[in-house]
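Below, each value reflects all heavy atoms present in this structure, side chains not excepted, and no hydrogens, waters or symmetry copies.
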Amino acid sequence: ETKFRTEAESRPPVQDGEAAALVELLGAGDVVEQVKGLVAEREALRDELREMAIRAAVGRAVRVPAAQGLVEELVRARLGANDPQTGLPLREAIEAAVGAVIESAAVQTVLRGSLVEAMGSAQRRPVAREGEAAGFFEF
């Protein structure tokens, strides 16, 4: 005679200490609400790590602090609200997005303008003089 066991029958019985530990871990509140809270906390940490990764990637690529905020916003817009669906890990997707944003013509113009503002205009070679003052610095 074969006896089919239900799923509840095939599991080992929960010990009283284990049940007490689970109740202590989960608290006396609603388990579903606590799990939702833990999932929300996990998502918040994930978003925070994503933002830190974006800031770090932009900081490595853009040296002018005035332009970093703009590039960060463009990278966030390029990646979208959710993680990229390109199949790349998040780090590689962020690096690819930063590279694509920096290569655009509009961002290149802003970066050049920010660089000129921060460092000054390009230095030029002195003009070679002719006449009396031409030989003044000759040795």
Enquirer: Whether the side chain of Thr109 engages the backbone of Ala105 through a donor-acceptor N/O pair (distance < 3.5 Å, no angle test) should be reported.
Expert: yes
Enquirer: To the closest 0.5 Å, what do you measure between CD (Glu117) and CZ (Arg112)?
Expert: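 Glu117 atom CD to Arg112 atom CZ measures 15.5 Å (nearest 0.5 Å).
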Enquirer: Does the Gln108 side chain pair with the main chain of Ile102, one donor and one acceptor, at a distance under 3.5 Å?
Expert: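 Yes; judged by distance alone, with no hydrogens or angles, the pair exists.
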Enquirer: Closest heavy-atom contact between Ala93 and Leu79?
Expert: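 Here Ala93 and Leu79 meet closest at O-CD2, 3.9 Å.
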Enquirer: When you check the gap from the basic side-chain N to the acidic O, do Glu51 and Arg46 get nearer than 4.0 Å?
Expert: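 Salt bridge flag = no for Arg46 with Glu51.
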Enquirer: For the residue pair Leu111 and Ser114, establish whether any side-chain heavy-atom pair is separated by less than 4.5 Å.
Expert: no
Enquirer: Using a 4.5 Å cut-off between side-chain heavy atoms of Ile, Leu, Val, Met, Phe, Trp and Tyr, which other residues end up in the same hydrophobic cluster as Val64?
Expert: Leu115, Met119
Enquirer: Supply the atom-to-atom distance Leu90 CG to Glu95 CD, rounded to the nearest 0.5 angstrom.
Expert: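 The distance works out to 10.5 Å.
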Enquirer: If I take atom CG from residue Leu45 and atom CD from residue Glu43, how far apart are they, to the nearest 0.5 angstrom?
Expert: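 Leu45 CG to Glu43 CD: 9.5 Å, rounded to 0.5 Å.
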Enquirer: Grab the two heavy atoms, one from Val58 and one from Gln68, that are nearest each other, plus how far apart they are.
Expert: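 For Val58 versus Gln68, the nearest heavy atoms are CG1-O, 3.7 Å.
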Enquirer: Mind checking whether Val98 and Val62 have side chains closer than 4.5 Å, heavy atoms only?
Expert: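 SC-SC contact between Val98 and Val62 ruled out.
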Enquirer: Please round to the nearest 0.5 Å and tell me the distance separating atom CD1 of Ile54 and atom CE of Met52.
Expert: 12.0 Å
